[in-house]
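Residue numbering restarts at 1 for every chain, and letters A, B, ... go by the order of the sequence lines.
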Amino acid sequence: MTTTAETATAELLDWYEQMAVIRRTEQAAQDLFLAGLVKGTTHLAAGHEAVAVGASTALRDDDYVFATYRGHHHAIARGATPEECLAELMSKATGLCGGKGGSMHLTKADRNMLGSYAIVGAHLPMAAGAAWSAVLRGSGQVAVAFFGDGATNIGTFHETLNLAAVWKLPVLFVCENNLYMEYTPIGSVTAVPNPAADRAAAYRLPAELLDGNDVLAVHAAVATAAQRARAGDGPTIIEARTYRQFGHSRTDPGKYRPEAEVAQWLARDPLTLARAALADRGVPESDVDAADQRARALVEAAVAAAKAAPEPDLATALTDVWADGSAGWRS
Amino acid sequence: MTTTAETATAELLDWYEQMAVIRRTEQAAQDLFLAGLVKGTTHLAAGHEAVAVGASTALRDDDYVFATYRGHHHAIARGATPEECLAELMSKATGLCGGKGGSMHLTKADRNMLGSYAIVGAHLPMAAGAAWSAVLRGSGQVAVAFFGDGATNIGTFHETLNLAAVWKLPVLFVCENNLYMEYTPIGSVTAVPNPAADRAAAYRLPAELLDGNDVLAVHAAVATAAQRARAGDGPTIIEARTYRQFGHSRTDPGKYRPEAEVAQWLARDPLTLARAALADRGVPESDVDAADQRARALVEAAVAAAKAAPEPDLATALTDVWADGSAGWRS
Amino acid sequence: MAELTTYRESVAEGIAREMRRDPAVVCLGEDIGAAGGVFKTTVGLYEEFGPVRIRDTPISEQAIVGAAMGAAMTGLRPVAEIMFSDFLACCWDHVANEIPKVRYMTGGQVTVPLVIRTANGGGLGFGAQHSQAVENWAFAVPGLKVVAPATPSDVVGLMAAAIRSDDPVVFFEHKGLFASKGPPAPPEHLVPLGQAACLRTGTDVTLVALAATVPTALAAAERLTAEGVSAEVLDLRCLVPLDMRAVLESVARTSRLVVVEENPYQGGWGGTVASIVADEGFELLDAPIRRVAAACVPLPFADRLEDAVLPTVDTVAGAVRALAAY
Amino acid sequence: MAELTTYRESVAEGIAREMRRDPAVVCLGEDIGAAGGVFKTTVGLYEEFGPVRIRDTPISEQAIVGAAMGAAMTGLRPVAEIMFSDFLACCWDHVANEIPKVRYMTGGQVTVPLVIRTANGGGLGFGAQHSQAVENWAFAVPGLKVVAPATPSDVVGLMAAAIRSDDPVVFFEHKGLFASKGPPAPPEHLVPLGQAACLRTGTDVTLVALAATVPTALAAAERLTAEGVSAEVLDLRCLVPLDMRAVLESVARTSRLVVVEENPYQGGWGGTVASIVADEGFELLDAPIRRVAAACVPLPFADRLEDAVLPTVDTVAGAVRALAAY
Ligand SMILES: Cc1ncc(C[n+]2csc(CCOP(=O)(O)OP(=O)(O)O)c2C)c(N)n1
Ligand SMILES: Cc1ncc(C[n+]2csc(CCOP(=O)(O)OP(=O)(O)O)c2C)c(N)n1
Ligand SMILES: [Mg+2]
Ligand SMILES: [Mg+2]
């Protein structure tokens with residue numbers, strides 16, 4: 001966690017490396033999916049790394065994070081290892097959820113990353129509830145809900161923002177506006193140009209509209225909002241504009257997106273931007289390359305370990321419905 | 001329907017009479033409830049008359065109206081007779097819904113008053129859908145959803161306003177802000193002071209905040225909004241501040257409301273205001289009294305007729321689930 | 001004997017006992033605070049525990065239940081009120097897809113110790129949208145405990161078990177029973193989840209009932225005594241865990257089963273009970289299994305129509321009589 | 001013989017036929033337009049019928065279904081897509097409390113001729129929130145017709161009946177069947193709602209199945225032939241209207257019943273089917289009624305775990321074998 005306004009260069013390099021780890025993990029997930037080793041579906045966050053890393057590094061370790069089905073980056077930014085993530089995607093016993101969750105439900109509860117939720121908007125009130133709990137327990141924690149642009153048009157968004165505002169809860173609503181829902185541009189179905197930020201006034205909440213590919217900008221905004229929240233000044237809406245580099249899910253090639261738009265956003269890759277920022281600060285390119293190498297090595301080892309990991313015991317299909325570990329419904 | 005900006009005095013007197021009919025009907029409903037002749041519950045709209053009459057007189061006969069459980073005034077303003085309404089409340093075969101709906105579900109479909117809905121917010125998208133249908137059929141109709149201040153914090157409100165705005169539907173959202181939900185002041189659970197109007201910007205919609213006890217003001221605003229809607233310019237949010245003169249429902253004495261507040265609003269009774277407006281226009285008091293007398297006579301006759309009406313045939317419990325009139329679920 | 005108490009008062013009493021015991025218990029819902037709840041089932045809680053632990057909410061069912069979930073995952077034991085059980089539909093995603101699944105789908109990483117209390121059932125002329133018995137909705141979702149007490153002391157005892165449960169519980173309070181009276185719960189009263197109560201022993205037919213159908217079944221059994229039919233009455237108390245052992249043991253004695261449900265026949269919980277008996281208890285049966293449930297229609301407003309579609313003492317007695325004569 | 005077609009293509013074909021026939025038919029839903037639907041079940045509709053009749057929506061399930069209801073009450077015949085059936089929970093108030101009740105509670109004043117189409121069921125590794133078979137949720141609500149086809153030509157024929165129905169229909173398209181192939185529907189194909197199909201005659205046991213459990217039941221029946229067990233397989237096609245006559249007639253011939261459901265056992269539709277047979281068909285039975293349903297857990301992601309909790313050919317064959325030997 002950083003609370004200083006000025007980010008140290010060493011820190012920025014570390015963030016770069018975290019983003020590189022996420023990127024490599026997403027690429028690995030894609031490759032494994034195409035190879036048939038990941039079943040079901042995946043929603044990759046390549047392109048969104050700066051949101052996760054910028055935000056997570058601005059939070060306390062015990063703050064709560066709630067993510068969507070596009071949540072690999074948040075799991076990793078909160079401390080899940082690429083191996084745990086990839087093993088989960090590959091239905092392995094060593095996966096974060098023991099193979100019972102899958103890509104859409106990555107969770108690292110021992111780091112207070114309290115889950116990835118696959119029904120749009122559902123986790124927003126959970127984050128508000130976690131924030132409420134923090135207030136009642138006097139713990140000083142904040143809760144963060146990450147969500148997509150598409151989630152701003154669903155009912156829970158409205159209910160949650162109003163409740164959180166009225167109760168002045170220490171919760172941050174971070175919209176990763178990547179301009180698209182699945183295949184439909186958010187602008188074509190939304191009454192306002194900035195789907196999250198332009199709704200803030202409806203709840204008398206402050207909003208920040210920012211470049212979600214700039215890890216420093218995200219970090220600064222989240223740090224400020226977290227401080228406000230911890231001070232008892234209530235929620236903030238942060239809308240981070242970003243772009244997903246893969247399609248929506250699985251094998252979607254994303255053909256509905258204009259080529260020029262894709263090119264423009266790829267040029268603004270969050271890793272590229274961070275590299276440039278590091279260069280500006282005089283960090284030698286070789287240091288950044290070394291970070292990249294470490295990320296690559298880490299993820300390569302993760303892939304190998306996840307592949308080698310055992311499949312879940314069939315008996316686990318019938319565990320953990322209830323808190324005592326059981327699954328019976330008849331007494 | 002009036003489209004002229006200036007309301008003729010004869011018309012205003014007619015509106016007064018309509019409001020008087022509603023008031024007398026609500027008083028009768030209350031008396032019948034206390035006498036044990038109305039079962040279940042009622043939500044009386046005494047005090048809200050100007051919203052219903054002001055709005056309905058500004059609409060075309062074939063426009064659609066959707067109301068809440070507090071909807072007697074809208075049913076009557078759209079052409080239901082006090083007798084049909086009271087018979088429904090008294091579980092009679094001659095009631096609007098044959099005794100199958102009750103106070104919360106008054107419906108007069110042959111006048112395009114398409115129902116009263118008892119789950120907060122549920123009817124908002126229905127009104128949008130009716131407006132969409134009007135557009136596709138090229139009928140020039142508009143749809144109006146009336147709802148309470150409390151409904152502005154539920155998810156459907158948000159989903160519907162966004163959809164209606166994006167699709168530029170000919171639908172009017174008329175909030176009857178009576179300052180309370182059941183027993184809780186709306187201000188204590190809402191992030192903005194004007195729960196409907198202050199949300200309009202979140203959908204780039206125009207909003208009107210007005211005195212809901214002034215039938216002329218309501219009429220003018222609805223007429224303008226309906227014109228906009230028919231012209232293809234999309235929805236309008238109208239927030240009409242008003243006050244319910246009875247408690248929320250049944251025998252609620254409304255003790256949670258400060259006495260001074262009640263007194264202030266009773267002094268601004270919509271009938272009193274309309275009477276004053278008529279006096280200003282030089283209408284002799286005796287003409288207004290005569291309207292009152294007619295209203296009283298009408299409702300007295302309605303009570304008598306409803307009391308005398310037969311109970312529904314038991315067989316009707318098993319009709320009208322399906323469009324063919326039947327109710328079987330096994331083939 | 002101690003004075004009788006109402007089912008309604010027992011709700012507040014049950015919550016208050018747990019709130020005194022455990023500071024992590026908090027309540028949220030519409031009009032539950034100073035107003036004491038629209039059914040007066042939270043009267044006194046605001047006065048005793050204050051606005052921090054007894055929290056009024058906007059009309060935002062998804063936010064209520066979703067926030068309860070987030071709070072439950074992070075150290076509180078929220079008791080969320082959904083005013084009428086029909087409105088569970090307004091937050092059904094959270095009730096059906098989030099709360100009961102999150103523990104399983106995270107491989108056991110989180111627990112969700114919350115209670116959703118809600119006023120359930122018909123018979124009061126509230127019409128189609130405020131009268132449903134929807135315990136069968138919750139029953140269809142693995143991962144929820146489902147409780148529906150029939151007596152004041154069970155309200156207290158099951159509330160204690162529900163609030164102490166580390167699993168999510170949907171707690172159905174029956175609107176038609178709020179005014180009913182019974183002996184108050186003794187101190188420290190706890191009724192474990194998943195234990196049916198045998199309220200009346202009998203030899204000819206087993207009647208399985210829940211919540212408001214319990215007094216109906218008891219009245220029918222009483223009436224049939226005069227006719228020489230001896231009916232045993234089981235109050236399931238919970239649908240999950242479902243005490244099928246008690247049902248099967250009873251049917252082993254009586255060889256006949258009538259299930260009395262308030263929900264519509266189609267998709268009702270009695271179908272599951274009946275199907276288990278038709279499978280595991282097939283050899284015990286000397287007669288068809290009969291379900292007395294509501295007609296498959298929305299609930300009408302007029303009381304005579306409502307009476308015509310809900311299970312009554314007459315229809316239950318008729319079913320038992322027919323089976324006994326089989 | 002004509003070329004085979006897929007279940008997936010049949011969805012779009014079924015809708016297109018009705019849209020050509022009746023200009024009041026319109027479609028709305030997320031990504032159903034130019035994208036052709038996330039399951040590619042609306043491919044070609046946007047091109048043929050244009051953006052006015054094929055309308056993309058925001059992610060607003062309540063607005064989608066609520067608007068469809070308002071449109072249906074005022075002259076259109078909307079076909080609303082809810083992408084995954086799990087998300088019916090997000091608009092459950094409209095599906096359970098509004099659409100099926102409004103006709104009844106207004107005393108028959110309005111009709112609601114709409115179809116809610118949705119991709120249902122598991123087996124594809126989509127995890128707990130994208131895999132449920134929730135036809136039993138809809139089944140529990142009086143006032144909804146409930147359709148769940150198993151073959152491409154049934155998709156077309158039942159879609160025609162659903163869209164032409166003046167009653168609201170929830171139309172469950174099974175995700176696991178989208179890629180399956182079968183003979184295309186003949187022109188003007190119409191399969192009336194509420195008629196079960198007997199897909200295989202047999203003398204020893206009746207298997208009742210729906211949607212994806214139909215091929216499972218057929219495969220189990222096939223496998224058992226070698227063992228000398230003759231199983232009859234009924235595809236219910238619809239849960240409402242429920243063709244219990246066909247079930248009872250079949251049980252009259254076979255004396256044994258296995259119900260194969262994909263939804264969890266608790267609260268599954270098979271309970272209602274079993275309870276009717278245990279009542280009205282009691283004397284026909286020579287053996288217990290068995291339900292093969294999913295385990296009462298949320299659905300796990302890993303395919304081997306998912307296979308372990310869903311009905312399979314093995315579990316169905318096992319149940320039939322046991323009954324046949326009874
Ligand atoms: C309530 C609900 N409706 C629809 C879906 C299907 N769906 C999954 S992701 C998605 C698009 C979401 O877009 P956005 O919120 O912008 O997030 P992104 O995928 O772009 O990260 C949709 C419609 C869903 N999961 N939940
Ligand atoms: C979804 C839902 N939640 C709760 C209720 C219970 N309820 C009925 S009326 C009401 C208050 C509504 O207040 P408002 O919208 O201001 O309308 P008013 O009654 O003042 O006309 C509540 C909470 C309901 N009917 N529906
Ligand atoms: Mg997006
Ligand atoms: Mg109000």
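In plain terms, the two heavy atoms of D/T272 and B/W329 that are nearest each other are CG2-CH2, 3.8 Å. Contact record, B/E159 with D/E61: OE1-N, 3.5 Å, taken as the closest heavy-atom pair. Here the closest non-hydrogen pair linking D/V110 and B/A109 is CG1-CB, 3.9 Å. When all heavy atoms of B/W322 and D/R103 are compared, the closest pair comes out as O-NE, 2.8 Å. Between D/G75 and B/S133 the shortest heavy-atom distance is N-OG, 4.4 Å. Summarising the geometry of D/H94 relative to B/A122, their closest heavy-atom pair is NE2-O, 2.7 Å, with the distance given to 0.1 Å.
Note that OG1 of D/T74 and CG of B/D62 are 11.5 Å apart. Values are rounded to the nearest 0.5 Å. The distance from atom OH of B/Y117 to atom CE of D/M105, rounded to the nearest 0.5 Å, is 6.0 Å. How far CH2 of B/W132 is from CG of D/L28: 4.5 Å, rounded to the nearest 0.5 Å. For the atom pair CG (D/D93) and CD1 (B/I154), the distance works out to 7.5 Å, reported to the nearest 0.5 Å. The CD atom of D/Q109 sits 11.0 Å away from the NZ atom of B/K100 when rounded to the nearest 0.5 Å. In this structure, B/H123 NE2 and D/E98 CD are separated by 10.0 Å, a value rounded to the nearest 0.5 Å.
Residues D/V65 and B/P125 are not in side-chain contact: their nearest non-hydrogen atoms beyond the backbone lie 4.5 Å or more apart. The closest side-chain heavy-atom distance from D/V52 to B/L136 is below 4.5 Å.
Among the candidates D/T106, D/T111, D/V112, the residue making the largest number of heavy-atom pairs closer than 4.5 Å to chain B is D/T106. Of the listed residues (D/D167, D/T57, D/D166), the greatest number of heavy-atom pairs within a distance under 4.5 Å of chain B belongs to D/D167. Ranked by non-hydrogen atom pairs under 4.5 Å with chain B, the options D/P100, D/G194, D/S60, D/P192 are led by D/S60.
Residue contact with chain B, scored on non-hydrogen atoms closer than 4.5 Å, involves the side chain of D/V26 exclusively. Of the atoms belonging to B/A317, heavy atoms from both backbone and side chain fall under 4.5 Å from chain D. Contact annotation for D/I276: only side-chain heavy atoms (C-beta onward) come within less than 4.5 Å of a heavy atom of chain B. With a 4.5 Å cut-off on non-hydrogen atoms, B/N112 does not touch chain D at all. Proximity to chain D is limited to the side chain of B/R137, based on heavy atoms less than 4.5 angstrom apart. Proximity to chain D (any heavy atom under 4.5 Å) is restricted, for B/T319, to the backbone atoms N, CA, C and O.
The interface of residues 135-145 of chain D with chain B, defined by heavy-atom distances below 4.5 Å, comprises D/F139, D/G143, D/L144, D/K145.
Listed for the D/D243 side chain is no donor-acceptor partner under 3.5 Å among the backbone atoms of B/S331. Side chain of D/Q62 to backbone of B/G155: no donor-acceptor contact under 3.5 angstrom is found. Formation of a donor-acceptor pair under 3.5 Å by the D/Y104 side chain with backbone atoms of B/L318 is not found in this model.
The 12-atom threshold is exceeded at CZ of D/R21, counting heavy atoms of other residues, nucleotides or ligands nearer than 6.0 Å.
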Criterion side chain to side chain contact (heavy atoms under 4.5 Å, CB included) on B/Y64 and D/M73, from CA distance to verdict = CA-CA 10 Å; B/Y64 297 113; D/M73 289 164 76; over 6 Å; no
